[in-house]
Protein chains: 2
Amino acid sequence: MTQKQEQLSKNQQIVLSIIEKAKGPLKAYSILYNVQKKGIKAPLQVYRALEKLIEIGKIHKIESKNAFIVCKNSDCEISKATAFSICEKCEVVDEVSNVKLSNYLSKFNDKKGMKFKRFNLEFFGLCKRCKIK
Amino acid sequence: MTQKQEQLSKNQQIVLSIIEKAKGPLKAYSILYNVQKKGIKAPLQVYRALEKLIEIGKIHKIESKNAFIVCKNSDCEISKATAFSICEKCEVVDEVSNVKLSNYLSKFNDKKGMKFKRFNLEFFGLCKRCKIK
DNA sequence: CTTAATTTGTTATAATATAACGTTTGTTAT
DNA sequence: ATAACAAACGTTATATTATAACAAATTAAG
């Protein structure tokens with residue numbers, strides 16, 4: 001049983017645990033307010049933790065919302081191939097885990113000879129609940 | 001010959017023309033500096049023009065860069081289905097115009113019964129020139 | 001014309017993110 | 001264990017991106 005598990009630092013753990021507990025994406029400053037009782041005082045401390053957590057695939061950034069969400073794909077080996085669904089009404093965000101989609105996009109090649117290493121896809125629409133209402 | 005062409009206001013024209021002339025995506029404040037000689041003085045004037053131009057499909061926002069680029073797809077009837085390639089080294093951005101890709105993603109359906117109206121896809125990698133270097 | 005809608009101009013401020021610096025902690029190789 | 005290095009931390013200041021609020025001017029439609 002190899003020690004493959006990344007060892008998170010204190011601030012990284014604190015920030016991650018807040019994001020894990022959240023029901024949806026959190027904004028950086030909302031995270032900051034939530035962790036001030038735990039000794040994290042400055043934006044930079046949050047942003048540094050976020051950067052690292054993204055790097056190791058524990059969380060993702062929802063670019064269209066400047067918000068951060070925990071990765072649902074078993075610590076996201078595929079953090080270089082992310083897709084999300086975003087409800088335009090209730091703002092609920094879900095990670096789309098679809099192997100076909102992921103394969104299709106990972107293999108996609110540009111006309112201009114560019115080879116892609118990574119992609120991020122954001123779908124927008126109405127979620128099931130909001131469609132009914 | 002129907003008057004389908006949207007009539008742009010003065011500020012919208014000014015902002016659009018700057019973005020059209022640019023070789024790549026422009027940031028809002030860079031646009032602002034560029035148009036100050038033309039009488040646009042405040043960020044809001046730029047942001048309002050940008051908002052409208054996006055709405056009518058003349059430009060797109062590159063979310064990962066907070067920058068704005070002119071639409072290359074004949075005034076983008078498909079502005080609800082956008083895809084871009086972004087070079088991580090030289091930062092060059094291109095709009096990916098691929099009918100198959102666009103169809104595939106437009107038809108994509110979530111497991112959770114969400115019907116998508118719109119998507120934005122950003123590919124990252126090295127462009128042809130940067131691969132060689 | 002006149003009413004409604006859109007666009008404008010302006011000031012202020014909110015929200016998001018990074019620079020720069022020195023210190024502390026953790027890891028690795030001897 | 002300790003030297004050398006890398007990573008993480010704390011702190012202050014500041015840069016960058018974006019919106020609120022309000023009144024005036026312009027444009028479109030009946």
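Chain A is the first sequence line, chain B the second, and so forth, proteins listed ahead of strands; every chain is numbered from 1.
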Which whole-number value in Å describes the distance from [X] [atom1] to [N] [atom2]?
{"X": "E51(B)", "N": "dT8(C)", "atom1": "CD", "atom2": "P", "result": "12 Å"}
{"X": "K10(B)", "N": "dA25(D)", "atom1": "NZ", "atom2": "P", "result": "14 Å"}
{"X": "Q7(A)", "N": "dT28(C)", "atom1": "CD", "atom2": "C1'", "result": "16 Å"}
{"X": "L8(A)", "N": "dT27(C)", "atom1": "CG", "atom2": "P", "result": "12 Å"}
{"X": "F68(B)", "N": "dT16(D)", "atom1": "CZ", "atom2": "C1'", "result": "13 Å"}
{"X": "I62(A)", "N": "dT16(C)", "atom1": "CD1", "atom2": "C1'", "result": "16 Å"}
{"X": "N11(A)", "N": "dG26(C)", "atom1": "CG", "atom2": "C1'", "result": "14 Å"}
{"X": "K61(A)", "N": "dA15(C)", "atom1": "NZ", "atom2": "P", "result": "16 Å"}

**Study point:** E122(B) side-chain N/O to N120(A) backbone N/O, donor-acceptor pair under 3.5 Å
**Key:** no
Check your understanding: Between the main-chain N or O of K65(A) and the side-chain N or O of K27(A), is there a donor-acceptor pair closer than 3.5 Å?
Key -> yes
Provide the closest heavy-atom pair for [X] versus [Y] in the form atom of the first, atom of the second, distance.
{"X": "V46(B)", "Y": "A28(B)", "answer": "CG1-O, 3.8 Å"}
{"X": "L101(B)", "Y": "A83(B)", "answer": "CD2-CB, 4.2 Å"}
{"X": "F124(A)", "Y": "F119(B)", "answer": "CD1-CA, 4.3 Å"}

Exercise for review: Report, as yes or no, whether the 6.0 Å neighbourhood of atom CD on Q36(A) holds more than 12 heavy atoms from other residues, nucleotides or ligands.
Suggested key: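 Yes, enclosed.
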Exercise for review: May I ask you to check whether over 12 heavy atoms, not counting those of K128(A), lie within 6.0 Å of atom NZ?
Suggested key: no
Exercise for review: Give the nucleotide from the list dC9(D), dT10(C), dT7(C) with an atom nearest to the side chain of K52(B).
Suggested key: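 Out of dC9(D), dT10(C), dT7(C), the nucleotide with an atom closest to K52(B)'s side chain is dT7(C).
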**Study point:** N66(B) side-chain proximity, nearest of dA8(D), dA18(D), dT7(C)
**Key:** dA18(D)
For [N] and [X] - does any side-chain N or O of the residue sit under 4.0 Å from the phosphate oxygens OP1/OP2?
{"X": "S9(B)", "N": "dT8(C)", "result": "yes"}
{"X": "Q12(A)", "N": "dA8(D)", "result": "yes"}
{"X": "Y47(B)", "N": "dA18(D)", "result": "yes"}
{"X": "K65(B)", "N": "dT16(D)", "result": "no"}

Exercise for review: Can you label the angle between the Y29(A) ring and the Y47(A) ring as parallel, tilted or perpendicular, going by 30° and 60°?
Suggested key: perpendicular
**Study point:** Strand-adjacent residues in residues 19-45 of chain B, judged by heavy atoms under 4.0 Å from DNA chain C
**Key:**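 Heavy-atom cutoff 4.0 Å gives K41(B), A42(B), L44(B), Q45(B).
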Practice item. Can you run through DNA chain C from 5' to 3' and write each base as (, ), [, ], | or . depending on how it pairs? Watson-Crick or G-U wobble, both distances under 3.5 Å. Key: ||||||||||||||||||||||||||||||
Review point. Just checking, is any N or O donor in the side chain of S85(A) or D94(A) under 3.5 Å from an acceptor N or O on the other one?
Key: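 No - no donor-acceptor pair under 3.5 Å links their side chains.
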